[in-house]
Amino acid sequence: MARRKGRRRQRKGREIDLVLWGGGAVVAVAGARALFGFVGEHWPLFAAAGLVAAVAAVAFPLIRARRVAQRQRQWFADHLELARVDELSGSDFETLTAELLRRDGFRHVRELGRAGDMGVDITAVGPDGRRFAFQCKRYARTVGSPEVRNFLGALAHTFAGHTGVLVTSGRLTRHAMAEASAAKLILVERDQLAGWLRGEVPLELRY
């Protein structure tokens, strides 16, 4: 019986709080309208300036964000061919790879950055829910066995449970290819990258 009375008091208290909060909100809105009406009646220019400032405060961040998004889309569109990829820095190549993944339906795409990436540049979740770890090599030269082993070490420890994908604008050496294939890494070399950039060849996640 005592518990029922306690619950009734709590429920009644909450109802009173809601009424007070709602009443306070109504009073605040009414006060704001009255104040704006008073200012508008006596100082119309001041009220108009305030209204313009309020609109600008809301609109400016939206316009800025839209322009940034437009620049990012244009940058991405301008680098969908190998000749432009060859001009990129390593970090820009990682950004381009991340955008390709987003385009193809990958979720939670995260660029880890060059400092402290522990052998992995990007992590993402594929359309099928699997977790992937990407190493990106914007190389004019070939990718050798040491780079492959470094990536395999990261997959075995820090990024255990992720499927490894090595993306390069170059090609792997014969020994690096053998080690990557034995470890079942997914490889995107120069020829596959060209097709992936154009959207003609989707990223093949065969393992």
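Residues satisfying the side-chain hydrogen bond (donor to acceptor under 3.5 Å, both in side chains) criterion with Thr142, sequence neighbours excluded, are absent altogether. Every salt bridge (Lys or Arg N to Asp or Glu O under 4.0 Å) that Arg84 has, sequence neighbours left out, goes to Glu87. Partners of Arg190 under the salt bridge (Lys or Arg N to Asp or Glu O under 4.0 Å) rule, at least two apart in sequence or in another chain, are Asp86. For Ala194, the side-chain contact (heavy atoms from CB on, under 4.5 Å) criterion is met by Leu82, Arg198, not counting sequence neighbours. Residues forming a salt bridge (Lys or Arg N to Asp or Glu O under 4.0 Å) with Glu147 (at least two apart in sequence, or on another chain): Arg141. Applying the salt bridge (Lys or Arg N to Asp or Glu O under 4.0 Å) rule to Arg102 yields the partners Glu99; only residues at least two apart in sequence or on another chain are considered. Contacts of Glu189 classified as side-chain contact (heavy atoms from CB on, under 4.5 Å), with partners at least two apart in sequence or in another chain: Thr168, Arg171, Leu172, Met177, Gln192. Applying the side-chain hydrogen bond (donor to acceptor under 3.5 Å, both in side chains) rule to Asn150 yields no partners; only residues at least two apart in sequence or on another chain are considered.
Between Ala133 and Leu155, the shortest heavy-atom distance links the atoms CB-CD2, 3.8 Å. Shortest non-hydrogen contact noted between Gly105 and Pro127 is O-CG, 3.9 Å. Closest approach of Gly144 to Thr173, counting heavy atoms only: CA-OG1, 3.9 Å.
Taking the six-membered ring where tryptophan is involved, the planes of Phe159 and His162 are perpendicular, since the angle between them exceeds 60° and thus also 30°.
Arg138 places a side-chain N or O within donor-acceptor distance of the main-chain N or O of Leu88, the cut-off being under 3.5 Å. Judged by distance alone, the side chain of Gln135 and the main-chain N or O of Gly119 form a donor-acceptor pair under 3.5 Å.
Linking ILVMFWY residues whenever their side-chain heavy atoms come closer than 4.5 Å, directly or via other members, leaves Val125 and Phe134 in distinct clusters.
Looking only at side-chain heavy atoms (C-beta outward), Ile122 and Val167 stay at 4.5 Å or farther from each other.
The CG atom of Leu112 sits 10.0 Å away from atom SG of Cys136, with the distance rounded to the nearest 0.5 Å. Of the inter-residue distances, the one linking Thr97 atom OG1 with Phe106 atom CZ reads 11.5 Å to the nearest 0.5 angstrom. A distance of 12.5 Å separates CZ in Arg131 from CZ in Arg107, rounded to the nearest 0.5 Å. For the atom pair CG of Leu193 and CG of Leu197, the computed distance is 4.0 Å after rounding to the nearest 0.5 Å. Note: Leu101 CG to Arg110 CZ = 15.0 Å, rounded to the nearest 0.5 Å.
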**Request:** Walk me through it: do Glu179 and Phe151 pass the test side chain to side chain contact (heavy atoms under 4.5 Å, CB included)?
**Result:** CA-CA 11 Å; Glu179 292 189 37; Phe151 188 28; over 6 Å; no
**Request:** Kindly indicate, with the supporting measurements, whether the criterion side chain to side chain contact (heavy atoms under 4.5 Å, CB included) is fulfilled by Phe93 and Asp121.
**Result:** CA-CA 10 Å; Phe93 183 55; Asp121 300 312; over 6 Å; no
